[in-house]
Amino acid sequence: MDRTSTPPPAEPPSLPSPAPLQTVAVVGLGTMGTGIAEVLVRAGRDVVGIDVSEAAAAHAVRTLGTATARAVRRERITEDERRAALARFRTATDLRAAAGADLVIEVVPEDYALKHEVFTALDAIVGPATILATGTNALSVTRLAADSARPERVLGMHFFNPAPAMKLVEVVSSVLTAPAAVSAVTALARELGKEPVAVGDRPGFVADGLLFGYLNQAAAMYESRYASREDIDAAMRLGCGLPMGPLALLDLIGIDTARTVLEAMYAASHDRLQAPAPILGQLAEAGLTGRKAGRGFYSYDGPDSAVVVPDAQTPGAGGSGAVAREVRAVGVAGSGTMASGIAEVFAKAGYRVVLAARTQEKAEAAKARVAKSLARSVDKGRLTAAEREAALSAIEPAGSLDAFSGVDLAVEAVAEDLAVKQQLFGTLDKVCRPGAVLATTTSSLPVVALARVTSRPQDVIGMHFFNPAPAMKLVEVVRTVLTADDVHATVREVCAKVRKHPVDCGDRAGFIVNALLFPYLNNAVKMVQEHYASPDDIDAAMKLGGGYPMGPFELLDVVGLDVSLAIERVLHREFRDPGLAPAPLLEHLVAAGCLGRKTGRGFREYAKA
């Protein structure tokens with residue numbers, strides 16, 4: 001029997017190299033559409049803003065006028081440039097106004113039927129070379145393209161809110177998109193002063209694909225009453241340097257919008273962690289969709305307001321009513337970076353500090369590390385020389401935990417090993433006076449397992465500082481089911497005196513920050529593992545599109561891939577969710593000894609010191 005070769009699959013039809021995209025129609029003049037129009041007119045494009053609502057079109061004109069006037073006041077543009085920009089913007093209520101556009105950007109609500117209706121109408125209106133871009137962040141670009149008369153000209157152009165400020169634009173191509181269309185839109189994004197990232201078609205793309213999973217887990221954490229909304233948001237702002245907490249961000253995005261994105265992500269992945277938390281559906285069905293409604297996770301002083309007002313869930317100022325124990329002297333056990341940093345924090349706040357290590361030499365070296373840190377603070381004008389000397393003189397180095405006999409609070413900061421910490425707590429139980437508070441800085445181990453090795457589990461609590469301790473403002477205060485109320489009150493009072501922000505959480509793996517941070521990092525690794533995007537593109541997407549201070553791969557290499565893997569294993573073991581299983585790529589890198597900056601190679605290579 002003769003065999004015939006199978007022809008290669010046909011490539012998507014190509015478009016001729018287009019002229020610069022000078023005339024752009026923006027369909028949908030909500031917040032995002034108006035913001036995109038502003039970016040375009042300020043970059044010299046002629047823009048037709050189209051919305052079925054005359055009120056929305058009029059509001060867009062007013063908003064554009066206000067925004068450009070503000071830019072003049074801030075000397076970012078001249079008055080002549082402002083007038084020219086406004087002259088390049090006109091509005092219409094009929095899609096036929098897009099007839100002469102080189103590019104149409106659709107930003108109507110996230111509803112496939114509505115977007116399909118818009119694209120079908122545009123097929124009969126625009127010219128054969130016009131590129132059609134959807135602003136969706138959840139719906140299938142491929143499906144919109146396949147249902148179009150000319151699928152090669154359909155792609156995604158996903159701006160981030162607020163469009164004038166956010167630098168990222170995800171350029172989304174389907175298997176049907178012509179390369180010339182992608183090139184033209186990418187070039188336009190650069191001319192607009194944006195950073196385009198090319199991505200394939202999957203719900204959420206890069207930035208939202210990572211962001212919304214994290215937001216969903218934060219909503220589920222709040223729904224379980226593990227921590228208050230204020231503590232969850234403060235923990236992620238102060239512990240990770242994020243511009244907004246996750247629940248406040250959900251209110252800004254719109255809880256209904258977030259639910260739509262997550263539904264699309266779950267339909268594609270079947271990952272339970274991406275199934276919308278029930279509370280998102282409950283709030284959306286009740287019309288409590290966030291800022292735009294005046295109420296979501298928080299209450300606001302009116303629709304579209306950013307001003308949070310107290311409500312029934314706002315914490316009171318009274319606390320539990322327990323009387324805190326007096327703390328004058330603090331013992332810090334350990335000789336590493338964290339121990340010396342915590343000792344510095346307490347010494348600067350006026351406490352007498354005993355810094356104990358396994359040997360006197362190690363304790364002296366830890367105090368010397370504190371001295372260098374304090375000297376840097378003097379050089380930067382953060383401390384006076386007298387304050388430096390006072391803090392340093394308050395620290396007493398010791399080669400044995402026996403020196404803790406007179407402390408009121410003992411804080412351990414030794415290796416993250418349960419057996420090591422249990423042995424240390426057994427010793428603290430013997431040497432510390434009755435009534436002393438015993439605190440662990442663990443970030444992942446069960447605090448109750450340390451409490452149970454003592455004869456006074458009611459005095460044991462978690463006090464999780466973040467690195468570097470002198471700079472980071474957050475402390476996670478971790479109560480076990482055995483922790484006494486006055487011990488909890490004592491630690492919160494001490495946090496206030498050392499000028500740290502305490503957040504309350506229960507004794508479970510990851511507490512607040514790591515339980516939300518490390519699944520996000522793990523999902524970023526999975527994106528690379530699946531060849532969806534590169535570490536560089538993912539890092540750029542999260543910094544430019546999410547306002548993150550570091551991209552996930554930068555952060556993984558700084559934290560250490562071995563440390564990250566250990567935390568992810570703890571989370572997976574605790575919650576037993578398949579979605580929390582560490583990405584095999586991370587396990588392989590750790591097995592190969594590629595642990596990040598400390599070994600010179602992780603997800604990137606680093607010059608040796």
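Since the model is a prediction, treat every value here as computed from it, not as a measurement. The figures that follow rest on heavy atoms only: side chains count, while hydrogens, waters and symmetry mates do not.
Looking at Leu132 and Glu106, their side chains never come closer than 4.5 Å, going by heavy atoms from C-beta outward. The shortest side-chain heavy-atom distance between Val323 and Asp486 does not fall under the 4.5 Å cut-off. Looking at heavy atoms from C-beta onward, Leu188 lies in side-chain contact with Met157 at the 4.5 angstrom threshold. No side-chain heavy atom of Tyr226 sits less than 4.5 Å from a side-chain heavy atom of Ile232. Put simply, the side chain of Val169 does not reach to within 4.5 Å of the side chain of Arg190, judged on heavy atoms. Counting only heavy atoms from C-beta outward, the side chains of Val72 and Thr68 never approach each other to under 4.5 Å. Side-chain contact check for Ser53 versus His59: every heavy-atom pair is 4.5 Å or farther apart. Between Tyr300 and Val309, every side-chain heavy-atom pair lies at or beyond the 4.5 Å cut-off.
For the side chain to side chain contact (heavy atoms under 4.5 Å, CB included) with Phe205, the lone residue among Val141, Val171, Val197, Leu210 that qualifies is Val141. When each of Asp251, Asp233, Asp311 is checked for a side chain to side chain donor-acceptor pair (under 3.5 Å) with Tyr298, only Asp233 meets the rule. Test Val206, Val199, Val525 against Ile538 for side chain to side chain contact (heavy atoms under 4.5 Å, CB included) and you get one pass: Val206.
Residues Leu250 and Ala219 come closest through the heavy atom pair CD1-CB, 4.2 Å. Across every non-hydrogen atom of Phe346 and Met463, the tightest pair is CZ-CE, 4.1 Å. Taking both residues in full, the closest heavy atoms of Gly33 and Val26 are given as O-CG1, 3.6 Å, listed atom of the first, atom of the second, then distance. Annotation for Ile461 and Val447: closest pair C-CG1, 3.9 Å, computed over non-hydrogen atoms. Heavy atoms only, all atoms of each residue included: His464 and Asn514 are closest at CE1-ND2, 4.5 Å. Nearest heavy-atom pair across Ala235 and Leu474 is O-CD2, 3.5 Å.
Panel note: side chain Glu344, backbone Pro470; no donor-acceptor pair is recorded below 3.5 Å. The backbone N or O of Ala469 sits less than 3.5 Å from a side-chain atom of Lys500, completing a donor-acceptor pair. Between the Asp51 side chain and the Leu29 main chain, a donor and an acceptor come within less than 3.5 Å of each other. Without hydrogens or angle criteria, Lys167 side chain to Lys543 main chain gives no donor-acceptor distance under 3.5 Å. With hydrogens and angles disregarded, a donor-acceptor distance shorter than 3.5 Å links the side chain of Thr490 to the backbone of Arg325. The closest donor-acceptor contact from the side chain of Lys194 to the backbone of Met166 lies under 3.5 Å. A donor-acceptor pair is defined here as one N or O able to donate and one able to accept, closer than 3.5 Å; such a pair exists between the side chain of Glu170 and the backbone of Ala207.
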Check step by step if side-chain contact (heavy atoms from CB on, under 4.5 Å) holds for Leu144 and Leu139.
CA-CA 9 Å; Leu144 281 170; Leu139 302 177; 5.6 Å; no
Report the C-alpha distance between Leu86 and Leu64 in whole Å, list the side-chain angles of each, state the deciding distance to 0.1 Å, and finish with yes or no for side-chain contact (heavy atoms from CB on, under 4.5 Å).
CA-CA 8 Å; Leu86 294 177; Leu64 203 59; 4.0 Å; yes
Go through the steps for Asp504 and His488 under the test side-chain contact (heavy atoms from CB on, under 4.5 Å), then give the verdict.
CA-CA 9 Å; Asp504 289 330; His488 174 252; 2.8 Å; yes
Starting from the C-alpha separation in whole Å, work towards a yes-or-no answer on side chain to side chain donor-acceptor pair (under 3.5 Å) for Arg229 and Thr314.
CA-CA 9 Å; Arg229 62 190 180 184; Thr314 302; 3.2 Å; yes
Would Leu555 and Met542 count as a side-chain contact (heavy atoms from CB on, under 4.5 Å) here? Give the steps.
CA-CA 12 Å; Leu555 183 55; Met542 297 315 297; over 6 Å; no
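Surrounding CD of Gln313 are more than 12 heavy atoms belonging to other residues, nucleotides or ligands, all under 6.0 Å away. Within a 6.0 Å sphere centred on CZ of Arg295, heavy atoms belonging to other residues, nucleotides or ligands number 12 at most. Counted within 6.0 Å of CD on Glu79, heavy atoms from surrounding residues, nucleotides or ligands total more than 12; the atom is thus considered enclosed. In this structure, Arg83 places its CZ atom where more than 12 heavy-atom neighbours from other residues, nucleotides or ligands lie under 6.0 Å away. Atom CD of Glu191 sits in a crowded spot, with more than 12 heavy atoms from other residues, nucleotides or ligands closer than 6.0 Å.
When the ring-ring contact (aromatic ring centres under 6.0 Å, His included) test is applied to Phe160, the partners found at least two apart in sequence or on another chain are His158. With sequence neighbours excluded, the residues forming a ring-ring contact (aromatic ring centres under 6.0 Å, His included) with Phe553 are Phe603, listed by chain and number.
Rounded to the nearest 0.5 Å, atoms CG (Asp231) and NE2 (His501) are 6.0 Å apart. In this structure, CG on Leu280 lies 9.5 Å from CD on Glu263, to the nearest 0.5 angstrom. Taking CG of Asp271 as the start and CG of Leu580 as the end, the distance is 8.5 Å to the nearest 0.5 Å. Rounding to the nearest 0.5 Å gives a distance of 4.5 Å between SG of Cys505 and CD1 of Ile512. The structure places OG of Ser140 at 4.5 Å from CG of Asp201, a figure rounded to the nearest 0.5 Å. Going from atom CG of Leu211 over to atom CD1 of Ile253 covers 5.5 Å, rounded to the nearest 0.5 Å.
The aromatic rings of Tyr214 and Tyr520 lie tilted to each other, with the angle between the two planes from 30° to 60°.
Counted by atom type alone, Glu110 and Thr260 present zero donor-acceptor pairs between their side chains at under 3.5 Å. Defined by atom type and a distance below 3.5 Å, a donor-acceptor pair is present between the side-chain atoms of Thr480 and Thr483. Side-chain contact, Tyr266 with Asn216: no donor N or O sits under 3.5 Å from an acceptor N or O.
Ion pairing of Asp256 with Arg259 is absent here, as no side-chain N (NZ or NE/NH1/NH2) approaches a carboxylate O to less than 4.0 Å. The pair Asp577-Arg272 counts as a salt bridge, with a side-chain nitrogen and a carboxylate oxygen less than 4.0 angstrom apart. Classification of Glu574 and Arg508 as a salt-bridged pair fails, no side-chain N sitting under 4.0 Å from a carboxylate O.
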